[in-house]
Every structure is written in structure tokens, then in C-alpha cells.
Amino acid sequence: MVIRPFGDSALLVEVDALAEVLGLHAALVATRPRGVRDLVPAARTVLVHVDPTVLPLAAARRWIEGVDAAGTPAGSDEPTPAEEIEIPVVYDGPDLDETAVLLGIGAGELVARHLAARWTVAFTGFAPGFGYLVSADWRIDVPRRATPRARVPQGSVALAGEFTGAYPRETPGGWQLIGTTAAPLFDPLADTPVLLRPGTRVRFRRVAAAALTAGAATAVLPVGRPAAVVQDPGPFATVQDAGRPDALADGVARSGAADRPALAAANRLVGNAPGAAAIEVTLGGFRATATRDLWIAVTGAWGSVHVAGREVDPYRPVLWPAGTDLSIGTFRAGVRALLAIRGGVAGHPVVGSVATDTLAGLGPAPLHAGDGIATADAARHPVPPVDLWPWTPPPTVIDVPVAAGPRADWFTPAARRAFLETTWVVGARADRVGIRLDGPPLARTADAASRELASEGMLPGAVQVPPDGLPVVLGPDGPVTGGYPVIGVVTAAGRAALAQARPGSHLRLRSASPRR
């Protein structure tokens, strides 16, 4: 068992085989101390994400070391077996016959083996509710499709490598499709949104097509009368709050406001809780009309703000009278502003948050002209009578602190120096999912160049380096697992700075890890 640093709030625990991952994850869950936020199993690792103010990383390391790689907690009994669920399947997949031919067996035998195996959810990822299932009874290595499909239907049951799985929603994919299920794999409005969680045991049951009926859709109720109506959302505007913590193991990203300090500041100025939902406005150009008197504050990116035809200051509470317009001009510096409304923005919680996840499609859709904005009427606090914020426009060159990554040793010493000494340029591919950096490619060591990395747990701020050598910093909507080595992890303060980085911005990465 090898324990590697993953930024300033996580550790990556590496073992030799997937079977050890299953045991280790179960043991960590059974002995989980206060302060552990997420335990994310993957193909050969478990990502242990903590709140370091409650459980320091040194204490987390000692706890992990007390659990052996076989998955037995020191001084404790074996973990309680996980529940077993049954998934009905119609074996009507378009790849069933072709896959059987590839494996040199008949389609009936392939189906029989799939039904006979006792499966376990090893880990999740790819999409919320997508479980990677493994079985000791399954000794078949199924090749992926040479060309992935642009569209795999929701409910498709599929095979790839040593895994089987079912697609919880329509998405691209390269697995071999052998059947269809209507099981509720992911229902974001249910009390337990994810059916296939790590450790869950699964049996498949063959049914006729007529017996396969989808579950009833969950009703979505109106959020209330709008307090304002969007006239123009600008290039992109979404509802964001503090995000979805503690759900990474179910394949659900953190999401939430990209610039969390700006969200907290805006909410404080109008008397909301720090993580209350607000409108995240990208690049400016936002305009809306109030239907009743509202107190608002705008923080984050730098641009003109007008209320009822007069210019107002950012980072101050402002009265927005009924029947008048609020307009936020094109930003002269920065990318994202947070518009907070006293009482918070209303929305239907999805996995504990009303945030829009642009990758997974969770939460409310991006705002459009004509959309109403309702207030949540959440618990309010007094508006600060005087609150001076040390605010200046975002700098031209952004200083981004970055902590140690678990796979820095995959890169040459020269590449590791270049990572911290280069002035990087934000590429055209920059959004809430991730930011690509342009600069000198980071070379891998000779040994790492010939290896592939099995999927590992990811966090916002992880700096992945794909084969072309150009770093990609994962954003709040980034995937929860990934197969590219992570050379470093941007700290929380650095992620807030990156939220204001637009294509063409210059970045300097500086080490936030203690010298050894």
C-alpha cells in the first residue's frame, strides 16, 4: 500500500489489484473518522478527501496505515456485507451477437455467464450513477469498440474489459451494448439518488421486453413566484451555491460557484448564509427586471453595474426597486461575477444542492431570456452597515498556488521545474469543466511514457497532463475520475483565482507544498 499526497486536502491510497481496492474501501468506510468527506474507490486506488480543519492529513495518514491493504481494519471485525440488488435486463443489445463472436462463444452462452455471475460495484465515475461492476465469476476480457458511439441510449447494459455496467443517461460511450434495463440507476430528486454505489452487490435477472417498464417520473414543482425576470442572460449564466459535497463516490461532482470567496462575499453583503444560491454571470451582458423590491450585491469579475439606470458600486448592498432593470456590463477584467439576492435564489435541490452542473446536466438549466428568478426566503442575517472589502480588479497575471500531486514522479525533473517556472497561457478551452494551459509540453519519464494510468479519483483543481503534455486544470464541474497523471493540485485560493481567468490570461503556478 502506497499513500500519496493529493493537494492540501486529500490522500491517494494505491494498492496492487482491484480486489484489494474493494476490501480497502470497505474497511475505510467501516472505520471512517469524523472529518472524512469522500472515499472514492477506483481501479487501483482509493481517494481519501478530508476536511483538514477537522482531520489533518497527518492524522488521516495514520488512520489509513491502520487498515491493511487486504481491507481488514486493525483490531476490528470484517465489514458488514453490502446489500444485494437485482437489475432486470432485456438482452437485446445491438452488440450482443458481435461481442459473442469476438469472444468465440455463442450469444446464449454470453448471456448465461452474465446472469450467473455475482457482481459488485467496484467504483463509479464517467457519469452520476454509472457503476463499474466486477465479478470473480467473470473471467472474460471484452474489447471496447474501435470507434465509440456518439450516443448510447439511457439504460443500456454494456461490457468492457473486466467490467459490466449500465448507462444512467444518454451519453457517448465505447462499451459493447448487450442489453437494456429500466432500473432507476440515477434519480436526482430521490432520497437515495444513486442505485449502484461502491460495494453494492448486484445480480442481473432476464426479463421479456414487455416486462421492462420505466419508473414513474419524479414531479418537479414550481419554485414560487419570480422576484425578477431575466431579459438577457449574457453569454452564460447559471444558478450556483456551495455545491454538492460528499457525493464523489457516487459519481457526482462538487460543482457550485467557481469563485467561492466571491459567492461568500456577495451573500454576506445581503445577509445570506455564505453558501446560499446566487446567479453566476459569465463575461457580463446580464440584464433582468425586478418584480418586487430586492436587496442585491455583485462581486467577482470587474464590470459596470447599473440599477434603475444609475451606476452602482460592486461589493456593496444595493436596493433594486420593483419594476426597474439591473444590468451588468461586459467585464473588463475577470470572467465570473456573483449576483446575490437577499433570501437566496430558489431552486429544487438535486443531491443536496441547486447548483448547475454543466458536465453531468444536474440542477437547473442555464438561464434564458424570460426565465423567472424566485427567492428562497432562507434564513436572513443583518446586512452589514459598513463592510469594507479589500477589492481590486483581477490582476493581469494570475498567481496560482498549487500543492503536490500524486503522480509528479511520472514527469522528468525538467518538466517538474517547467511546471512551476513557466508563465502559462489560458487556452481557448476554458470553462467550468476545466482549463487547458498553453506552454511547453511536460515530458514524462522514460518509464512513465510507456505506461497507462488506470482511472483514479479526481478533485477540482487537479492538474492532469494528457499525452500531449499540456496541463488541464479540472474545474468545479470536472469529472470525478480520470486516467491522466496529476502533477499538482491547485489550492482553494488558487481555484478562486482561476475562476477569473479568461482565454489569453497569463498564469504563474507557485508551489504551496512545504519544502522537504
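Fair warning: this is a prediction, and the values are worked out from it, not measured in the lab.
No donor-acceptor contact under 3.5 angstrom links the side chains of Asp8 and Thr491, judged on distance only. In this model, a donor atom of one side chain and an acceptor atom of the other lie less than 3.5 Å apart for Thr31 and Trp63. With 3.5 Å as the limit, one finds a donor-acceptor pair spanning the side chains of Gln240 and Arg432.
Counting only distance, with no hydrogens or angles, the side chain of Ser353 and the backbone of Ala355 share a donor-acceptor pair below 3.5 Å.
Phe163 and Phe123 have their aromatic ring centers within a separation under 6.0 angstrom. Ring centers of Tyr167 and Phe130: under 6.0 Å apart, within the cut-off.
Here Asp250 pairs with Arg197 in a salt bridge; the nearest charged N to carboxylate O distance falls below 4.0 Å. Under the 4.0 Å criterion applied to side-chain N and carboxylate O atoms, Arg4 and Asp409 are assigned as salt-bridge partners. Taking the charged nitrogens against the carboxylate oxygens, Arg37 and Asp246 do have a contact shorter than 4.0 Å, which makes a salt bridge. In summary, Arg151 and Glu170 engage in a salt bridge, as defined by a charged side-chain N under 4.0 Å from a carboxylate O. For the pair Arg145 and Asp95, the salt-bridge criterion is met [side-chain N within less than 4.0 Å of a carboxylate O].
Residues satisfying the side-chain hydrogen bond (donor to acceptor under 3.5 Å, both in side chains) test with Tyr484, not counting sequence neighbours, are none.
Heavy-atom contacts from other residues, nucleotides or ligands closer than 6.0 Å to CZ of Arg429 number 12 or fewer. Counting non-hydrogen atoms of other residues, nucleotides and ligands closer than 6.0 Å to CD of Glu452 gives a total of 12 or fewer.
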